[in-house]
Amino acid sequence: MTIAAYQGEPGSNSATAARALHPGGGELSCTSFEQALDAVTLGDADIAVIPVDNSAAGRVADVHHLLPESGLFIVAEHFLAIRFDLMGVPGATLDQVECVRSHVHALGQCRKVLREGGWRTLVSDDTAGAAREVAELGDPRHAALAPPAAAELYGLQVLRPEVEDDPDNTTRFVVLARDAVLAPNTGQPTMTSLFFCVRNIPSALYKALGGFASSGVNLTKIESYQMGAGLNPSRFYVEIEGHPDDERVALALHELRFFSTEVRILGVYPAHQRRRRS
């Protein structure tokens with residue numbers, strides 16, 4: 001049985017993503033992304049299911065910094081449609097609600113309903129955690145914005161379903177494992193995630209990425225971050241469409257290595273069906 005570690009409490013979107021990836025598998029709830037990654041490193045879990053970006057809120061803070069340092073490998077990706085219900089204790093009504101609890105990102109993704117209700121908001125560490133807090137309080141004046149699964153899990157009543165501002169709200173997760181399992185080069189749509197650090201020379205990034213342009217390789221993501229203090233060259237996390245064994249990708253990577261002090265492949269994995277449709 002595959003054990004999936006994730007950040008958040010049972011009933012969270014990350015728990016839902018883990019269950020969608022491995023129905024019937026084991027789950028390990030963690031308080032932080034670092035703890036979820038460490039669980040895989042230490043053998044307490046087989047995989048970690050980590051959100052990397054959301055269509056409404058953008059990238060998930062610190063994750064792109066953690067991935068290269070984790071020593072783990074990306075083996076899959078998963079897109080999850082994000083749904084939030086406004087929920088309260090059994091018997092509560094919308095007219096009784098005075099305060100709504102949730103994670104800061106969820107509050108930001110449900111601004112319309114919060115503005116309509118005129119409710120006070122409180123930030124919780126986790127969306128499912130907000131539901132648990134409301135259940136523990138047992139006060140009809142308090143409600144939570146949480147995934148639908150949290151209502152049943154914590155015995156809450158849905159006061160208003162699907163209150164997210166954007167019906168296409170989607171979070172992309174990556175699945176990390178201890179061992180590198182590279183997807184075979186079968187001609188099917190494939191994603192490659194990699195990390196690199198450019199040389200400290202003028203136009204280094206422009207030259208390093210030039211091979212992708214000249215070879216016709218599509219970059220779907222590039223994130224920069226600084227390591228340590230001082231004037232160290234920036235490091236970059238990149239995702240591309242294609243397999244390293246493709247001739248055009250191999251040429252682009254060859255040029256990237258020439259202008260970089262370090263290039264590390266973090267994962268080669270099948271493109272999710274949502275990406276294929278778009």
Side-chain angles (χ1 to χ4, degrees), residues 6-21 33 49-64 67 74 76-88 94 97-134 142-154 156-175 189 191 193 218-223 237 239 241 271-278:
Y6 60 87
Q7 184 276 329
E9 298 193 25
S12 65
N13 284 313
S14 292
T16 300
R19 197 169 299 118
L21 285 160
F33 295 126
V49 181
I50 304 294
V52 289
D53 47 56
N54 174 266
S55 59
R59 74 173 182 176
V60 178
D62 297 332
V63 168
H64 297 96
L67 294 184
I74 301 174
E77 64 174 354
H78 181 71
F79 287 81
L80 178 70
I82 301 301
R83 299 290 178 262
F84 290 116
D85 290 348
L86 182 67
M87 55 190 71
L94 278 175
V97 175
E98 297 178 6
C99 177
V100 176
R101 299 166 176 258
S102 197
H103 187 272
V104 63
H105 284 173
L107 294 173
Q109 294 167 34
C110 301
R111 288 191 179 96
K112 291 179 182 178
V113 70
L114 294 174
R115 188 164 53 245
E116 291 171 9
W119 301 304
R120 182 166 54 93
T121 59
L122 282 177
V123 175
S124 299
D125 291 336
D126 179 72
T127 52
R132 174 184 53 76
E133 292 166 2
V134 168
H142 287 262
L145 286 171
E152 181 178 357
L153 184 63
Y154 295 106
L156 297 179
Q157 172 185 326
V158 175
L159 305 177
R160 190 169 167 183
E162 298 185 2
V163 295
E164 62 278 354
D165 294 343
D166 182 3
D168 294 325
N169 189 2
T170 304
T171 294
R172 176 173 173 261
F173 292 81
V174 292
V175 181
M191 299 298 298
S193 294
N218 187 34
L219 272 70
T220 60
K221 178 185 292 294
I222 178 168
E223 301 280 358
Y237 171 82
E239 293 174 354
E241 293 179 346
H272 188 266
Q273 59 184 3
R274 179 185 176 93
R275 193 189 296 277
R276 300 182 190 188
R277 287 198 301 266
S278 61

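Sequential numbering from 1 along the given sequence is applied to the chain's residues.
Around atom CG of Asp125, no more than 12 heavy atoms belonging to other residues, nucleotides or ligands sit under 6.0 Å away.
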> When you look at Gln109 and Glu164, which way does the side chain to side chain contact (heavy atoms under 4.5 Å, CB included) test go after all the steps?
Replying inline: CA-CA 6 Å; Gln109 294 167 34; Glu164 62 278 354; 5.5 Å; no
>> Let's go through Leu122 and Glu133 carefully: what are the C-alpha distance in whole Å and the side-chain angles of both, what is the deciding distance for side chain to side chain contact (heavy atoms under 4.5 Å, CB included) to 0.1 Å, and is it a yes or a no?
In response: CA-CA 11 Å; Leu122 282 177; Glu133 292 166 2; over 6 Å; no
>> Is there a side chain to side chain contact (heavy atoms under 4.5 Å, CB included) between Leu86 and Leu94? Walk through the geometry before answering.
In response: CA-CA 9 Å; Leu86 182 67; Leu94 278 175; 3.5 Å; yes
>> As a quick check of understanding, evaluate side chain to side chain contact (heavy atoms under 4.5 Å, CB included) for Val63 and Val174, giving each step before the final call.
In response: CA-CA 10 Å; Val63 168; Val174 292; 5.7 Å; no
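With contacts defined as side-chain heavy-atom distances shorter than 4.5 Å, the pair Met191/Ile74 does not qualify. With a 4.5 Å cut-off on side-chain heavy atoms, Phe33 and Pro51 count as touching. Using a 4.5 Å heavy-atom cutoff, the side chains of Ser102 and Leu107 are in contact.
How far CD of Glu77 is from CZ of Arg172: 4.5 Å, rounded to the nearest 0.5 Å. Expressed to the nearest 0.5 Å, how far CZ of Arg120 lies from CZ of Arg101 amounts to 8.0 Å. Separating the CZ atom in Phe79 from the OG1 atom in Thr171 is a distance of 10.0 Å, to the nearest 0.5 Å.
Partners of Glu116 under the side-chain contact (heavy atoms from CB on, under 4.5 Å) rule, at least two apart in sequence or in another chain, are Arg160. Residues forming a side-chain contact (heavy atoms from CB on, under 4.5 Å) with Asn13 (at least two apart in sequence, or on another chain): Leu80, Ile82, Phe84, Pro147. Arg132 pairs by the side-chain contact (heavy atoms from CB on, under 4.5 Å) definition with Glu9, Glu136, Tyr154, not counting sequence neighbours.
Between Ala131 and Ala146, the shortest heavy-atom distance links the atoms CB-CB, 4.0 Å. Scanning both residues, Val49 and Ala17, for their nearest heavy atoms gives CG1-CB, 4.1 Å. Nearest heavy atom pair, residue Leu159 against residue Ala143, reads CD1-CB, 4.4 Å. Between Val100 and Trp119, the shortest heavy-atom distance links the atoms CG2-CE3, 3.6 Å. When all heavy atoms of Cys110 and Leu145 are compared, the closest pair comes out as CB-CD1, 3.7 Å.
Note on ring orientation: taking the six-membered ring where Trp is involved, the planes of Phe173 and His78 are tilted (angle from 30° to 60°).
Under a 3.5 Å cut-off, the side chain of Asp85 and the backbone N or O of Met87 do not form any donor-acceptor pair. Distance alone, capped at 3.5 Å, places no donor-acceptor pair between the Ser124 side chain and the Thr127 backbone. Here the side chain of Asn54 pairs a donor or acceptor atom with the backbone of Thr170 at under 3.5 angstrom. Checked by atom type and distance alone, the side chain of Glu239 never pairs as donor or acceptor with a backbone atom of Lys221 at under 3.5 Å.
A salt bridge does not link Arg275 to Glu241: none of the charged nitrogens lies less than 4.0 Å from a carboxylate oxygen.
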